[in-house]
Novice: 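Just dropping this structure here.
Below, all heavy atoms of this structure are taken into account, side chains as well, without hydrogens, waters or symmetry copies.
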2 protein chains.
Amino acid sequence: MSHPPVSVPHDHGACVHEALARAQTICDARGVKLTPLRGQVLEIVWRSHKPAGAYEVLDELQKVHKAARPPTVYRALEFLEAEGLIHRIESQNAYLGCIEAGAPHSSQFLICRGCGAAEEIADRELDAAIAVAAKRARFKAERKTVEISGLCARCT
Amino acid sequence: MSHPPVSVPHDHGACVHEALARAQTICDARGVKLTPLRGQVLEIVWRSHKPAGAYEVLDELQKVHKAARPPTVYRALEFLEAEGLIHRIESQNAYLGCIEAGAPHSSQFLICRGCGAAEEIADRELDAAIAVAAKRARFKAERKTVEISGLCARCT
DNA sequence: CGGGCAACGTTACATTGTAACGCTGCTGCG
DNA sequence: CGCAGCAGCGTTACAATGTAACGTTGCCCG
């Protein structure tokens, strides 16, 4: 599986479709349920490569599911994050579809302040450097978050 | 200047005092004003090595400054962060005194879910690894945030 | 066939963050 | 000197984000 940068134009419909299919496969394999609601939330998050806020998701969700309320969305987001299908972008209180769904990994993002897009990277050396730094401080790392903000190639 | 880990017992009163003195020096040198209000907020943030939320700071501030309101605190925090005197811990919507005040650097934290303390580290190799990863993606990095959560040596 | 649990509905509220506007005191400049 | 302009702060109101708590439904498994 390859993951070209999101800054490269691509067929985003296919991109979303593949993500949903993969999510379904992963959930089936784990014996957890990707219910229609959760699938809809995942699809909404995947609609763009810009992190989506919970209330943004809520607004979208309500278009097809009038009864949706904040807890509806937060529960779905919590589930999706727990299963590694989306990531939370801490610096924006927002969520982004995960490009490496299924394989546990640290979350590393390049967040463009120009276009708002966030690109997930999976840099092993960076991951290793984090592990070393934690080890040096005798710290047991559980969750590693790297968020780099700045300007992407096209917005420079 | 050396910075022993916060997990090592130390004279925290002196720790705070030094931070305030350094802040004053830095602001003087830059021609910006560390007003009494800002100083109080800085002191409150420095009181512990646990990140302090804005409303936590507000509660404390109101004990000596009854008129304080949310904007009061947010303005002070914004100023202090802009001057590099405190860091925002994104994953907690909270603030922490900066141990390297004055020297611009990326913010890297080890956040213990046991005791709640956050320790800032200034790992050059980690910083370099981030720079490399960004460069590889032709991304112009401006702000680099690393937040590693887990268990500190004492809480393991 | 019913106990227990996961998923979701529903209401209300808690927490976090901002917009907008006014006042005051200092500072630089004519 | 006098005042224009701005930084700093006060004040009110509100926007945005996140959660607690409890009820309902339907399914699975004993």
Side-chain angles (χ1 to χ4, degrees), chain A residues 23-24 26-28 30-45 50-83 85-96 116 147, chain B residues 23-24 26-45 50-83 85-96 116 118 147:
Chain A
Q24 189 59 259
I26 291 167
C27 288
D28 287 350
R30 291 182 187 165
V32 296
K33 284 180 248 184
L34 186 65
T35 63
L37 191 67
R38 290 165 176 174
Q40 281 159 11
V41 168
L42 182 57
E43 193 267 331
I44 290 168
V45 169
K50 300 182 189 178
Y55 280 68
E56 226 169 302
V57 171
L58 178 56
D59 287 346
E60 284 303 307
L61 184 59
Q62 282 181 334
K63 290 180 184 172
V64 296
H65 188 98
K66 204 141 169 277
R69 295 282 176 263
T72 316
V73 168
Y74 282 104
R75 285 167 186 157
L77 292 172
E78 187 180 10
F79 169 87
L80 295 170
E81 197 188 4
E83 297 301 327
L85 302 174
I86 61 174
H87 287 290
R88 179 183 168 87
I89 307 295
E90 304 289 358
S91 57
Q92 302 190 53
N93 296 339
Y95 299 82
L96 188 68
E147 295 180 14
Chain B
Q24 189 60 258
I26 290 166
C27 288
D28 287 350
R30 291 181 187 167
V32 296
K33 285 178 248 187
L34 186 66
T35 64
L37 191 68
R38 289 166 176 173
Q40 283 159 9
V41 168
L42 181 57
E43 193 267 333
I44 290 167
V45 169
K50 300 181 193 180
Y55 280 69
E56 226 170 301
V57 171
L58 178 56
D59 288 345
E60 283 304 305
L61 184 59
Q62 283 181 333
K63 291 180 183 171
V64 296
H65 188 97
K66 207 145 165 275
R69 296 282 176 266
T72 315
V73 168
Y74 281 103
R75 285 166 185 158
L77 292 172
E78 187 181 11
F79 169 86
L80 295 170
E81 197 188 4
E83 297 302 326
L85 302 173
I86 61 175
H87 288 289
R88 179 182 169 86
I89 307 295
E90 304 289 358
S91 56
Q92 301 189 44
N93 296 338
Y95 299 81
L96 187 69
E147 297 180 15

Novice: So, is His65(A) close to the dG9(C) phosphate, meaning a side-chain N or O under 4.0 Å from OP1 or OP2?
Specialist: yes

Novice: Could you tell me the separation between the CG atom of Leu77(A) and the P atom of dA7(C), rounded to a whole number of Å?
Specialist: 15 Å

Novice: Report the residues that fulfil side chain to side chain contact (heavy atoms under 4.5 Å, CB included) with Ile26(A), sequence neighbours left out, ordered by chain and then residue number.
Specialist: Arg30(A), Leu85(A), Ala101(A)

Novice: Choosing from dG17(C), dT10(C), dA7(C), which nucleotide comes nearest the side chain of Thr72(A)?
Specialist: dT10(C)

Novice: Does the ring of Tyr55(B) lie flat against the base of dT16(C), closer than 5.5 Å centre to centre with planes under 30°?
Specialist: yes

Novice: Take Ala68(A) and Gly53(B), find for each the nucleotide of DNA chain C with the closest heavy atom, and name the residue whose nucleotide sits nearer the 5' end.
Specialist: Ala68(A)

Novice: Can you tell me if Asn93(B) touches the phosphate of dT15(C), counting only side-chain N or O atoms and a distance under 4.0 Å to OP1 or OP2?
Specialist: no

Novice: When you check the phosphate oxygens OP1 and OP2 of dA6(C), does a side-chain N or O of Arg38(A) lie under 4.0 Å from one of them?
Specialist: no

Novice: How do Tyr74(A) and Val32(B) order along DNA chain D: which one's closest nucleotide is nearer the 5' end?
Specialist: Val32(B)

Novice: Do the charged groups of Arg75(A) and Glu78(A) touch, with an N to O distance under 4.0 Å?
Specialist: no

Novice: For Ala76(A) and Val41(A), which heavy atoms make the closest approach, and how far apart are they?
Specialist: CB-CG2, 3.7 Å

Novice: Tell me: CG of Leu80(A) to P of dC8(C), nearest whole Å?
Specialist: 10 Å

Novice: Starting at atom CD of Gln92(A), determine the distance to atom P of dA16(D), rounded to an integer number of angstrom.
Specialist: 16 Å

Novice: Arg69(A) has a side chain; which of dA7(C), dG17(C), dT10(C) sits nearest to it?
Specialist: dT10(C)

Novice: Could you pull out the closest heavy-atom pair between Leu80(B) and Arg38(B), with the gap in Å?
Specialist: CD1-O, 3.9 Å

Novice: Once you round it to whole Å, what is the distance between P of dA7(C) and CD of Glu78(A)?
Specialist: 11 Å

Novice: Between atom CZ in Phe79(A) and atom C1' in dA6(C), what is the gap in whole Å?
Specialist: 11 Å

Novice: Donor-acceptor check, side chain of Glu147(A) to backbone of Glu90(A), threshold 3.5 angstrom: yes or no?
Specialist: yes

Novice: Between Pro51(B) and Gly116(B), which heavy-atom pair has the shortest distance, and what is it?
Specialist: CD-O, 3.5 Å

Novice: Atom CD of Glu90(A) and atom C1' of dG18(D): how far apart are they, to the nearest Å?
Specialist: 13 Å

Novice: If you take all heavy atoms of Glu81(B) and Tyr95(B), which pair is closest and at what distance?
Specialist: OE1-CE2, 4.4 Å

Novice: What string of B, S and - do you get for nucleotides 21-30 of chain D, 5' to 3', if B is base contact, S is sugar-phosphate-only contact and - is no contact with any protein heavy atom under 4.0 Å?
Specialist: B---------

Novice: Measure from CG on Leu58(B) to P on dG17(C) and round the result to the nearest Å.
Specialist: 12 Å

Novice: Rounding to an integer number of Å, can you tell me how far Leu37(B) CG sits from dT24(C) P?
Specialist: 18 Å

